[in-house]
Amino acid sequence: MSIPIKQADKIRVSGVVLVDKPQGMTSQQVVSKVKYLFKSPSHDSKKAGHTGTLDPMATGLLPICMGEATKFSHYQLDADKSYQATILLGRQTDTGDADGQIIEQSPIPTFDDVSLNKVAQQFLGAQQQIPPMYSALKKDGKKLYEYARAGIEVERPPRDIIIKAIEIKKIDNEQVQLMVTCTKGTYVRVLGEDIAKAMGTLGHLTTLRRTQVGKFTIDGAITLSALEAMTLANREKRLMPVDACIDIDATLLLTSEQCTRIHMGQRLNVFEQLTDDLKEYISEKVNKQLLRDKDEAHKEQQIEHEIPIDVRLVNEEGEFLGLGAISLNGRLQPKKLIQR
């Protein structure tokens, strides 16, 4: 007779897996599928989440954090993202993509790559964008797309975004290809509509593929069907470390005694362990923060040597412990620690 394994005795699945999301699935459905694929009688894969929603129509890179890696997912939520999209000109839909209904049509002017390059330059840099009604943003506790489906339009405040790189190429007389790298919160559907308007017509996306999220690229992703075809042992080999999402290079090595104390939530004085490189890193980050605070009049100016900056924490074996916030005065505060 087999004895069931208690939940506490199960191996917690932790790490980051890069999935090439298929068309037609929501991002949450992909997460649920991945959780199922990493589940076994001896493995606990209940805790998981993605690092930025892709529409059901969209395909491409969807980093999924599992277990302890979920503590650091926000680093990729905030990261720049790159997309490839196809804009069909002459027709606007209510959703801004091919999943919607056509609501308006317009003649398509003649264009070439030279004129498209001029259009692209108009969108480069910092700007504001009004989120679409068909989005998961909430207003008074209700998602915008719920209002949209009921035929209700609500006011949406514009968002600050930055288009860091953009290229528009002609496919044929009705379609253009868009390649863009942008900051978080950018809606490529809205960008596609705005590009069509700048060309003197209307348009909507017929394809959308995410190719990069921060330092992760689509080349490192695996399809759900390929992941499903693997054994559990081989699926585990696809998992990147729990700290894969973190874009912090600065590292502080702690003694075994300090590791014990930090896991008890205690603050430490590590001034003697601050290397020149670490001091330089902290100073650089502090100066950037002071400049940001100066630009925001409502923020109180902090004392320079007391401003905490996030660093990686490792033990004497080089194992990643989590993140701590450290200031130039040597005070270290535990921030997000992983459980082994």
Side-chain angles (χ1 to χ4, degrees), residues 23 52-60 80-139 143-212:
Q23 191 172 356
T53 303
L54 279 175
D55 293 334
M57 186 201 81
T59 66
D80 293 344
K81 298 172 177 67
S82 297
Y83 299 88
Q84 290 180 355
T86 304
I87 307 171
L88 178 63
L89 301 169
R91 281 164 274 181
Q92 183 178 359
T93 67
D94 53 3
T95 59
D97 60 29
D99 284 346
Q101 301 296 315
I102 295 172
I103 55 174
E104 197 175 344
Q105 299 192 51
S106 175
I108 304 170
T110 57
F111 59 90
D112 56 24
D113 284 341
V114 174
S115 61
L116 289 176
N117 185 53
K118 290 178 181 177
V119 170
Q121 296 310 306
Q122 297 175 32
F123 291 91
L124 198 58
Q127 59 203 269
Q128 289 193 316
Q129 185 186 70
I130 297 174
M133 277 302 300
Y134 278 90
S135 66
L137 294 176
K138 288 187 176 180
K139 169 88 171 177
K143 290 177 179 175
L144 289 183
Y145 65 73
E146 294 175 316
Y147 289 104
R149 287 171 182 167
I152 302 168
E153 176 124 0
V154 298
E155 190 175 341
R156 289 99 63 202
R159 288 178 157 195
D160 292 322
I161 63 166
I162 302 172
I163 303 298
K164 297 197 170 179
I166 184 169
E167 188 177 0
I168 310 170
K169 293 287 186 183
K170 182 174 181 176
I171 297 175
D172 56 35
N173 290 335
E174 290 189 335
Q175 299 179 99
V176 297
Q177 184 184 58
L178 167 66
M179 287 160 284
V180 62
T181 297
C182 48
T183 52
K184 70 167 184 175
T186 303
Y187 284 90
V188 183
R189 283 179 286 145
V190 175
L191 181 61
E193 291 178 324
D194 291 342
I195 286 169
K197 287 173 186 172
M199 293 175 64
T201 184
L202 300 171
H204 66 274
L205 300 191
T206 54
T207 68
L208 177 61
R209 182 164 177 78
R210 188 155 66 194
T211 56
Q212 189 162 350

For Gln23 and Met57 the tightest heavy-atom approach is CG-O, 3.2 Å
**Prompt:** Passes side-chain contact (heavy atoms from CB on, under 4.5 Å), Ile195 versus Ile87? Steps please.
**Reply:** CA-CA 9 Å; Ile195 286 169; Ile87 307 171; 4.2 Å; yes
Report task. Would you please test His204 and Leu88 for side-chain contact (heavy atoms from CB on, under 4.5 Å) and show each step? Result -> CA-CA 6 Å; His204 66 274; Leu88 178 63; 3.8 Å; yes
task: Please lay out, stage by stage, how Glu174 and Arg91 fare under the test side-chain contact (heavy atoms from CB on, under 4.5 Å).
output: CA-CA 10 Å; Glu174 290 189 335; Arg91 281 164 274 181; 4.2 Å; yes
In this structure, are over 12 heavy atoms from other groups packed under 6.0 Å from Asp113 atom CG? yes
- Whether Thr86 side chain and Thr207 backbone form a donor-acceptor pair below 3.5 Å: no
When every non-hydrogen atom of Pro109 is compared with those of Gly200, the smallest separation belongs to CD-O, 4.2 Å
Residues at least two apart in sequence or cross-chain that pass side-chain hydrogen bond (donor to acceptor under 3.5 Å, both in side chains) with Lys197, listed by chain then number, are none
Checklist entry - Hey, are Lys164 and Asp80 close enough for a salt bridge, meaning a charged N less than 4.0 Å from a carboxylate O? => result yes
For Ala198 and Val119 the tightest heavy-atom approach is CB-CG1, 3.9 Å
The reported gap from NZ in Lys184 to CD1 in Ile162 (rounded to nearest 0.5 angstrom) is 11.5 Å
**Asked** Is the closest basic N to carboxylate O distance between Arg189 and Asp55 below 4.0 Å?
**Response** yes
query: Any donor and acceptor pair, going by atom type alone, linking the side chain of Thr95 with main-chain N or O of Gly100 inside 3.5 Å?
result: yes
Here the gap from Asn173 atom CG to Gln175 atom CD, rounded to the nearest 0.5 Å, amounts to 10.5 Å
In short, Pro132 meets Val190 closest at the heavy-atom pair CD-CG2, 3.6 Å
Tell me, with the steps shown, if Leu54 and Tyr83 meet side-chain contact (heavy atoms from CB on, under 4.5 Å). CA-CA 11 Å; Leu54 279 175; Tyr83 299 88; 4.1 Å; yes
Closest non-hydrogen contact found for Ile163 with Ile166 is CG2-CB, 3.9 Å
Output for pair (Met199 CE, Leu89 CG), nearest 0.5 Å, gives 4.5 Å
Is there a side-chain contact between Lys169 and Met179 in this structure, where contact means two heavy atoms from C-beta onward sitting under 4.5 Å apart? yes
Between the NZ atom in Lys170 and the CG atom in Asn117, the distance rounded to the nearest 0.5 Å is 15.0 Å
Here the gap from Leu191 atom CG to Ile168 atom CD1, rounded to the nearest 0.5 Å, amounts to 7.5 Å
Is a side-chain N or O of Asp97 found less than 3.5 angstrom from the main chain of Leu205, in a donor-acceptor match?
no
Contacts of Glu104 meeting side-chain hydrogen bond (donor to acceptor under 3.5 Å, both in side chains) (sequence neighbours excluded), chain-then-number -> none
Rounded to the nearest 0.5 angstrom, the OG1-CZ distance for Thr59 and Arg209 is 4.0 Å
Item to complete: Answer yes or no: is there a donor N or O on one side and an acceptor on the other, between the side chain of Thr186 and the main chain of Ile161, under 3.5 Å?
Response: no
Heavy-atom nearest pair, Val188 first then Ala85, reads CG1-CB, 4.3 Å
Per-pair distances, 0.1 Å, donor-acceptor, side chain in residues 120-129, under 3.5 Å, sequence neighbours excluded:
{"residue": "Gln127", "atom": "NE2", "partner": "Phe123", "partner atom": "O", "Å": "2.6"}
{"residue": "Gln127", "atom": "NE2", "partner": "Gly125", "partner atom": "O", "Å": "3.1"}
{"residue": "Gln128", "atom": "NE2", "partner": "Asp160", "partner atom": "OD1", "Å": "3.1"}
{"residue": "Gln129", "atom": "OE1", "partner": "Tyr187", "partner atom": "N", "Å": "2.8"}
{"residue": "Gln129", "atom": "NE2", "partner": "Tyr187", "partner atom": "O", "Å": "3.1"}

